[in-house]
Amino acid sequence: MNAITRLATVISLATLFPLGAQAADPKGTVEVVHWWTSGGEKAAVDVLKAQVEKDGFIWKDGAVAGGGGSTAMTVLKSRAVSGNPPSVAQIKGPDIQEWGSLGLLSTDTLAPVAKAEKWDSLLSKKVSDTVKYEGEYVAVPVNIHRVNWLWINPEVFKKAGIDKAPTTLEEFYAAGDKLKAAGFIALAHGGQPWQDSTVFEDVVLSVMGADGYKKALVDLDQKTLTGPEMVKTLTELKKLATYMDANRAGRDWNVAAADVINGKAGMQMMGDWAKSEWTAAKKIAGKDYQCVPFPGTDKAFTYNIDSLAVFQLKAEKEGDIAAQQDLAKVALGENFQKVFSINKGSIPVRTDMLNDMEKLGFDACAQTAAKDFLADEKTGGLQPSMAHNMATTLAVQGAFFDVVTNYINDPKADPADTAKKLGAAVKSAQ
Ligand code: BGC
C-alpha cells in the first residue's frame, strides 16, 4: 500500500469508525475479491460473509461483476501491480501457481488451520495439489462445480412436442429444431468469450471423449488441436451455434439462465452455478427443471474448483491474518460446505461429504454430480475445465477464447482453417 492509499484508508476508516465505535473493535478485517455477483451467487457468498462477521471480523466486499472472472482477474492484477492487493481473492487452478511464484501469496497463514482441521485427509490429492504452492496451502478450496451440464425447461420442451432430454448431438439438434419451430429460443446463451468457450469444451468432450479432451485442452497436443477430430468438433460447434439466441452479444450468463427459467428458451449449456439462479427463483430440480450431462458427455465430468487464495500480509497485521485464518476455517467446515453449495449449485469439496449427499439434503442434480465425480475420478473421465481456469494458464486460455469466439461469430469461418489457427494461437501463448 503506498503512502497516499494508506492515508486515504486511515481517513476513510476514521470516518467509518469514530473513536467511540473503535472501542468495540472488531478482531480484524478481511477484504475478499470475488466475482459472485448474480442473485444466486450472492446468496451463496453471503453465507461466508455472515459467518466471518459472526466470528467478530469485518468483511470488506471486493465483488467485481462479470461472470467467469476475467474482469475480476484484471482488477486483481492492477491492484497487485500497484502494491495494494486484497487479503483474499478468488483465484483458481494453475493460476494459483503463478501468483505463488510472484511471492504474493502467503505460505504460512493457512498451515496451522490446515493442520488443526486435517485438510490433507478431507481433500483429494488432486484438489490439495491445486491449492498448494511448494507443498504449502496458499488457498482454501470451497466447492466443486461440474461444467458439462445442459439445463432444460421441461414445460417448454412439452409445449414444443419434445418428450425427452437429448442424449446425442443429433437429438440435441432435433430438439433445437422443434423449439425453434414452436417459437422459442432453442439455446439461451450469452455471447461472451468465456461462455463461448464453455460451450466449445462441451462439444470437444462430446466429439472426442475424455481422452481427446485431455490431449487437446490439457496436454495442448498440437496434432490433436489441428487434427480431424478438432475439425469435426468445430463443424458441430458451427451447427450448434445456429440454435443460439440471436441477441446473445455481451449477455450475462444469468440473464441467459433467466430466459430458460422464465420459459422463453428451452435449454442452456452452463456449469452448475446456473442452478443457483433456479434455486434463487425457488424452482425444484427434477420437477421445474432438468439437469443432464451435455449430450455425449455422461461418462465425463469437467470440474471447476472455486478457491480463495490468501495474500501475504505484514506480520504486524495480526488481526487481519486471524481474519484470513477464520475465513479459511469456516470455508472447509461441514456446515458451510453444505449451505454454500446448496445455494451455489455446486457440490462439497470435502470427500467425506460426497458419499452422503442425499442424507445431507442435496437435490437430484447435486447427487448425480457427486456420484459422477467419484466414478469419473476412477476412469479418467474427470477432466479440468479449460474455460474455467482449471486446465491451462490464463495466457493459453486467452488464445482459446479468441479463436473460439471469432469462429462462433463468423458463419463463414472454415473449421479446418480454424483448427490450424487454434494450434498456432495456443503454441504462441505457451
Ligand atoms: C466460477 C463460478 C462462477 C461462474 C460464473 C466460474 O468460473 O468458478 O464460481 O459462479 O464462473 O461467474
Side-chain angles (χ1 to χ4, degrees), residues 32-49 61-76 88-96 127 130-131 139-149 151 188-202 217 250-258 268-280 291 301-309 331 336-337 339-349 365-366 369 373 383-394 397-398 400-401:
V32 187
V33 165
H34 62 89
W35 63 90
W36 293 322
T37 54
S38 78
E41 289 175 322
K42 191 174 175 312
V45 73
D46 279 351
V47 178
L48 186 57
K49 175 175 182 271
D61 202 58
V64 181
S70 308
T71 319
M73 284 299 116
T74 308
V75 169
L76 189 62
V88 170
Q90 188 181 356
I91 303 179
K92 299 188 301 179
D95 213 22
I96 293 176
V127 175
T130 309
V131 290
V140 56
V142 291
N143 62 350
I144 301 170
H145 276 301
R146 182 185 203 172
V147 180
N148 57 318
W149 284 117
W151 304 90
H189 184 65
Q192 296 173 338
W194 72 271
Q195 294 191 59
D196 293 339
S197 278
T198 298
V199 168
F200 164 71
E201 72 176 33
D202 280 354
L217 304 190
R251 173 166 296 175
D252 285 323
W253 66 272
N254 51 317
V255 178
Q268 182 184 23
M269 293 166 69
M270 188 49 65
D272 43 21
W273 48 92
K275 203 177 77 181
S276 70
E277 296 304 297
W278 291 92
T279 305
C291 56
F301 186 119
T302 35
Y303 66 87
N304 170 25
I305 298 164
D306 282 315
S307 49
L308 296 169
F336 172 81
Q337 284 282 309
V339 182
F340 180 78
S341 264
I342 286 179
N343 280 293
K344 188 74 171 63
S346 47
I347 56 174
V349 69
C365 298
F373 179 84
Q383 292 297 331
S385 164
M386 178 279 291
H388 294 278
N389 318 11
M390 301 305 298
T392 70
T393 61
L394 292 189
Q397 185 198 54
F400 277 111
F401 280 14

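First listed ligand is number 1; within each ligand, the first listed atom is number 1. The basis for the numbers below is simple: all heavy atoms, side chains too, and nothing from hydrogens, waters or symmetry mates.
In this view, Val127 and Leu123, Ser124, Pro141, Ile305, Val349 satisfy the side chain to side chain contact (heavy atoms under 4.5 Å, CB included) rule, not counting sequence neighbours. Asn389 is linked by a side chain to side chain contact (heavy atoms under 4.5 Å, CB included) to Lys92, Leu394, Gln397, counting only residues two or more places apart in sequence or in another chain. Qualifying side chain to side chain contact (heavy atoms under 4.5 Å, CB included) partners for Thr130, counting only residues two or more places apart in sequence or in other chains: Met390.
In this structure, ligand 1 sits under 4.0 Å from heavy atoms belonging to Trp35, Trp36, Glu41, Gly67, Gly68, Gln90, Lys92, His145, Trp253, Trp273, Asn304, Asp306, Lys344, His388.
Between Asn148 and Thr302, the side chains place a donor N or O and an acceptor N or O closer than 3.5 Å (distance only, hydrogens not considered).
Of all heavy-atom pairs spanning Phe401 and Ser197, the tightest one is CD1-OG, 3.2 Å.
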- Task: Begin with the C-alpha distance, continue with both residues' side-chain angles, and end with the deciding distance and a verdict on side chain to side chain contact (heavy atoms under 4.5 Å, CB included) for Trp273 and His388.
- Result: CA-CA 12 Å; Trp273 48 92; His388 294 278; 3.4 Å; yes
